[in-house]
K.L.:
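Once you've had a glance at the structure underneath, I'll fire off some questions.
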Amino acid sequence: MATDDTAATQTPLLISKDFIRDLIDEDNRAGRFGGRVHTRFPPEPNGYLHIGHAKSIHLNYGIARDYGGKFNLRFDDTNPTKEEQEYVDAIMQDVRWLGADWEDRLFFASDYFDQLYEWAVQLIKAGKAYVCDLSADEIREYRGTLTEPGRESPYRNRSVEENLDLFERMRRGEFPDGSRTLRAKIDMASGNLNMRDPVLYRILRATHHRTGDKWCIYPMYDWAHGQSDSIEGITHSICTLEFEDHRPLYDWCLDALGIYHPRQIEFARLNLTYTVLSKRKLIDLVKRGIVRGWDDPRMPTICGLRRRGYTPEAIREFCNRIGVAKANSTVDYGLLEACVRDDLNKRAQRVMVVLKPLKVVIENWPAGKVEWVDADNNPEDPSAGTRKVPFSGELYIEQDDYREDAPKGWFRLGPGREVRLKHGYYITCREAIKDAAGNVIGLRCVYDPESASGVTPDGRKVQGTLHWVSAAHAVDAEVRLYEQLFSKPNPDDTPAGQDYTANLNPNSLTVLTGCKAEPSLADLSPNPQYKDGIHRFQFMRQGYFCLDPDSTPDRLVFNRTVTLKDTWAKVEKGTKRA
Ligand code: ATP
Ligand code: MG
């Protein structure tokens, strides 16, 4: 049986190199970092990871792996009001699940707070930073605009001694939150707003998830990020395009301190149709109860995609196919689904589950007899073997597979019609049983004992093949069908005055109860076929599904991972699609 690969055996899949690898090759040729390649993934633990982060992880980890370099996981935890241990734990689990391995290199920017403080003091001593008493609003006002230069803070020319004293007292907690900041002294007339004396430290009394109440001043992202890269010996600091304008500041800080200087390279972030990838909106969806949680299978979070049944292999393949570019664009969600289908088609076990059951009684079946028929687990992979499925005189088929007024070209059941039951026998419908309102509530059929395993001695053609489940052996199941969470390709495309939730798809979740699954599915122990232990299936003719953690032994719960592209043609070659 095919099992998923481990991080160590992942082959470099990139056929053509991207521009980042080209730049790294250039650096290596020039001997810039002594031929070293060291990357990192630097999440802020203020939410769960999503498919966009997967792109960044795959890029950073993939580069380290392909160049025989190193990869760090570093939490950019400089904002204690929004960060939590829950997010740290979830992020680590998700990065691992995606197949990236940071070995023993797990770091936190908060581990560098002492060093960052010392470097700030060094900057003050060099006359390159000052304590400013302007409020946040005033700082914004003084900053100017893209077309107008900023104005210098009245506190800009404080003496080094005064700055050292005030900064030390900021740290000791002598001043209220927000009353003072430490700012870099760069250039209030710079064309780049990030260079107009950016704030390096703010006063904030908040308990940090790792440093507790040790600090009441916290470094800003721009002061922490480059120096963290430097401390860790990162060679290529790969980030998304919105940081391009921060690069001069990144470079300025490292040069002002005279410390080891990595190279920042920007790439375009992933955008997906029908999907929001802003952390703020994802948090909003969870907090407002619009979805059932971070791991709701409709969420583009890694844990949501995992619960939905997506595999890390499919996500990595998606990252390979989209590549890396320097210009922003939006990827069609269908591409991600295609990668999931391709992977599951190769690996997912084929099983039979009836979503909307209709009872079939086979009148000529010997009373009480049960025949365990052989069913192949995956026609795409003979090594997947076979299993036994019980066939008996009372079965369930899909309601949709019977029609009284069968149109031309209908190859399923109808009055007097014959079909093949997959892995079982041919049956012919004799009579429909109806309730008082005339609804069909059951079928009486006969089977052909000569048609075992779909073979008929007289060679007659039976066009349709149905899936089925033995009634006495069936396990009850709930099946959750998903559609896109949003009904517009761009969820932010809303009428004036409405937010993105105006575009929520009211049909994003359909719950089917009373479904009937073949008994082999009542196995809740971890599935050894996949490293994450998740049971993934192709429900014949229905799509790909996975077992949800809400399952109990007598009530299974399944999530539809993705629909089948070509529902029936593949299952029954030479049969017209019904
Ligand atoms: P925010 O900074 O608003 O909290 P973020 O999505 O940038 O949100 P981070 O935790 O800072 O979250 O992201 C970690 C890394 O993942 C960063 O290097 C960032 O550039 C990258 N990243 C985030 N979103 C995407 C995306 N959609 N596509 C590719 N990379 C992304
Ligand atoms: Mg960010």
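Start at 1 and go down the list; that is how both ligands and their atoms are numbered.
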K.L.:
Which is it for P42 and ligand 1 at heavy atoms under 4.0 Å: side chain, backbone, both or neither?
P.N.:
both

K.L.:
Check each heavy atom of H50 against ligand 1 and say whether those closer than 4.0 Å belong to the side chain, the backbone, both or neither.
P.N.:
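It is the side chain that gets close, since no backbone atom is under 4.0 Å.
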
K.L.:
Any nitrogen or oxygen of N46, main chain or side chain, under 3.5 Å from a nitrogen or oxygen of ligand 1?
P.N.:
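So ligand 1 has an N or O lying under 3.5 Å from an N or O of N46.
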
K.L.:
For Y48 and W294, take the angle between the two ring planes, folded into 0 to 90°, and tell me which bin it lands in: parallel under 30, tilted 30 to 60, perpendicular over 60.
P.N.:
parallel

K.L.:
Do any nitrogen or oxygen atoms of P43 lie less than 3.5 angstrom from nitrogen or oxygen atoms of ligand 1?
P.N.:
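Between P43 and ligand 1 (N or O atoms, distance only) the closest approach is not under 3.5 Å.
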
K.L.:
With salt bridge (charged side-chain N to carboxylate O under 4.0 Å, His left out) as the criterion, how do K70 and E103 come out once you've worked through the C-alpha distance, each side chain's angles and the decisive distance to 0.1 Å?
P.N.:
CA-CA 9 Å; K70 288 179 178 158; E103 298 174 333; over 6 Å; no

K.L.:
Taking N or O atoms only and a 3.5 Å limit, does E242 qualify as a polar contact for ligand 1?
P.N.:
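So ligand 1 has no N or O lying under 3.5 Å from an N or O of E242.
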
K.L.:
Taking 4.0 angstrom as the limit and counting only heavy atoms of F41, give me the atoms of ligand 1 inside it, by number and element.
P.N.:
14 (C), 15 (C), 16 (O)

K.L.:
Just which atoms of ligand 1 are under 4.0 Å from any heavy atom in T240?
P.N.:
19 (C), 20 (O), 29 (C), 30 (N), 31 (C)

K.L.:
For F167 and Y117, take the angle between the two ring planes, folded into 0 to 90°, and tell me which bin it lands in: parallel under 30, tilted 30 to 60, perpendicular over 60.
P.N.:
parallel

K.L.:
Applying side chain to side chain contact (heavy atoms under 4.5 Å, CB included), run through L485 and L504 and close with a yes or a no.
P.N.:
CA-CA 6 Å; L485 190 50; L504 281 165; 4.0 Å; yes

K.L.:
Determine whether the aromatic ring centres of residues F318 and H58 are separated by less than 6.0 angstrom.
P.N.:
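When the ring centroids of H58 and F318 are compared, they turn out to be at least 6.0 Å apart.
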
K.L.:
Mark up the atoms of ligand 1 that fall under 4.0 Å of a heavy atom belonging to E44, in ascending order.
P.N.:
4 (O), 9 (P), 10 (O)

K.L.:
I'd like to know whether the aromatic ring centres of F75 and F108 sit less than 6.0 Å apart in this structure.
P.N.:
yes

